[in-house]
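Please read the structure below before turning to the comments.
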Amino acid sequence: MHPNRSVETPGVPLVEMRNISKSFGPNRVLSSVSLTLAPGSVHALMGENGAGKSTLMKILAGVHHYDDGEIECGGQAERIQSPKHAQELGISTVFQELSLLPNLTIAENMFLGREPIALFGTLDRKRMYEETKAALEELDLKLSPGLLVSELSIAERQFVEIAHGIKARADVFILDEPTAALNAADVEVLNRQIARLKAAGKAVVYISHRMDEIFNVCDTVTVLKDGRHVASEALEGITESDLIGLMVGRDIKDLFPQRGANFEDVLLSVQDLKLQADSPPVSFQLKTGEIVGLAGLEGQGQQDIVRSLVGVFKPDSGHILVSGGARALPLPAREGIRDMQRLGLAFVPEDRKEEGLYLGLSVAHNVGISLHSQRPGLAWAKRYKQQVTDAVTSMSVKASSKDTSVGNLSGGNQQKVLLGRYLAAGMKVLVIEEPTRGVDIGAKSEIYTLLRQFADQGGAVLVLSRETIELIGMSDRIMVCHDQAIIAEMQAAEATEHAILDAALSTSSEANERAAVA
Ligand code: ADP
Ligand code: MG
């Protein structure tokens, strides 16, 4: 084991960040945040997207400078100047955006900027190779130091970054959402390595959205919300819903509306949808009053399934039935979405700005736009005006007036306008991607309520979201995608993040076995 400060001076925190504030231009993203990293601890840093986690860690890593506050490393005040300076202070980082150079070998990356020179002024490749090998072996990695980084998987690249930190004798390891792109086996290897770092007296900061990992790996948690420090506590004795409550600033049961109860007529039926010629067929139904969530790891086909229903993605084959109207898939690319709208199915894409809203037009115009296309004519105009006013009122869109242009609204209010458009137009089925992306927590809750209202009024919602907690909270039923198929289905009231992740990670044969047993 390497000698390190932490073992020599137990009790002194490896890092103490006190009252750190940081603004980007006019936006204050951290307000007086404090964080203490003890030796031999794994510290979870939690908070919703945009809470300021990465910014706080980039300050510690020397990437950003802070405006106010102080940092001590090993009891000594430090003004961290640069990433290199942070490294010298023993701080090692694995960021979401990986920093290894793909065209260099593992060994070259490990020694970047600190290449050892041999006797005659040449690069000491042998030493590079051997030291790299030793660092990799310390992590039980069977990778040759001569491999190009571009040949490594994302997981392997992350492990190499950790090995890099070990080689540099770092005391503090920052892992910013390391598992977002990892499969189950790699997550396990990573967790073993974290346990090892902890046993060696290092401090690890672990940022992840997966609750079960947090509880498996971490001993302490700090929660941020809107750039403010909410809590720092030992994880022991804290429950998952306590944590979510701290993150969102209210009790989780107050965040989501009541689930639906009566699901009767089938509103949407998808039959034998095959994304590719050789993909398994996907069939499912949505009933009145029902919100159904689609979960899955990135790129397992869930988005293609959703987009096949509106002609944005071109699947191989299949059928779709919307309130009695049957169509063959693939739908025609341009006409598909309008045809679906006529049948009563509306689509709210992930990127609202690009695909959904007319930012230069007013709230009223945006809400009314699908009414226009439905029924032209003067007689309609008066009722139309009333409907727009009703919709804007019922959505509690925070705009100074309904004539405000949509481009000036917050993300949450833009989303509400988009939903209002379809509510006003009397749509039956809503297909929606990432409904609360880039939206603050108050608006999130309002959006969940709007979607539930839509369902309660006899509609049905198919929702795609990367936030598992959100899917569990807002849906009635959850379908999990893996490898272009729906491989598991569960009642949301009984679903856990763990069960969903488990299904999302498994091969289809395992999932089939599980389904057969259930
Ligand atoms: P988290 O990691 O918790 O999701 P971030 O620290 O990435 O949050 O972001 C916090 C806030 O700071 C967000 O509102 C984000 O848009 C903003 N932000 C982050 N980095 C920058 C930057 N380089 N310039 C301007 N704003 C930024
Ligand atoms: Mg982040």
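Ligands are counted one by one from 1 in listed order, and the atoms in each one are counted from 1 as well.
- Among the backbone and side-chain atoms of Ser54, an N/O/S atom is found under 2.8 Å from the Mg ion (ligand 2).
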Check the pair Gln491 / Arg477 against side chain to side chain contact (heavy atoms under 4.5 Å, CB included), numbers first and verdict last.
-> CA-CA 5 Å; Gln491 294 303 312; Arg477 182 157 57 94; 4.1 Å; yes
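- Geometrically, ligand 1 and His64 share no nitrogen or oxygen pair separated by less than 3.5 Å.
- Taking every non-hydrogen atom of Thr55 and a distance limit under 4.0 Å, the qualifying atoms of ligand 1 come out as 5 (P), 6 (O), 9 (O), 10 (C), 19 (C).
- For Ala51, a nitrogen or oxygen atom sits less than 3.5 Å from a nitrogen or oxygen atom of ligand 1, counting backbone and side chain alike.
- A search for side chain to side chain contact (heavy atoms under 4.5 Å, CB included) contacts involving Val306 returns Leu294, Phe347, Val431, Glu433, Leu462, Leu464, not counting sequence neighbours.
- Near Glu48, meaning under 4.0 Å from any of its heavy atoms, are these atoms of ligand 1: 3 (O).
- Between Gly52 and ligand 1, a contact under 3.5 Å exists for at least one N or O pair.
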Tell me, with the steps shown, if His43 and Leu35 meet side chain to side chain contact (heavy atoms under 4.5 Å, CB included).
-> CA-CA 10 Å; His43 199 125; Leu35 182 75; 3.5 Å; yes
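- Both tests hold for Lys22 against Phe24: distance to the six-membered ring centre under 6.0 Å, angle to the ring axis within 45°.
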Apply side chain to side chain contact (heavy atoms under 4.5 Å, CB included) to Leu60 and Ile80, showing your working.
-> CA-CA 7 Å; Leu60 186 56; Ile80 302 175; 4.1 Å; yes
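- Closest approach of Asp476 and Gly260 over heavy atoms only: OD1-N, 2.9 Å.
- Counting only non-hydrogen atoms, the option in Gly25, Gly47, Gly50 that gets closest to atom 10 (C) of ligand 1 is Gly50.
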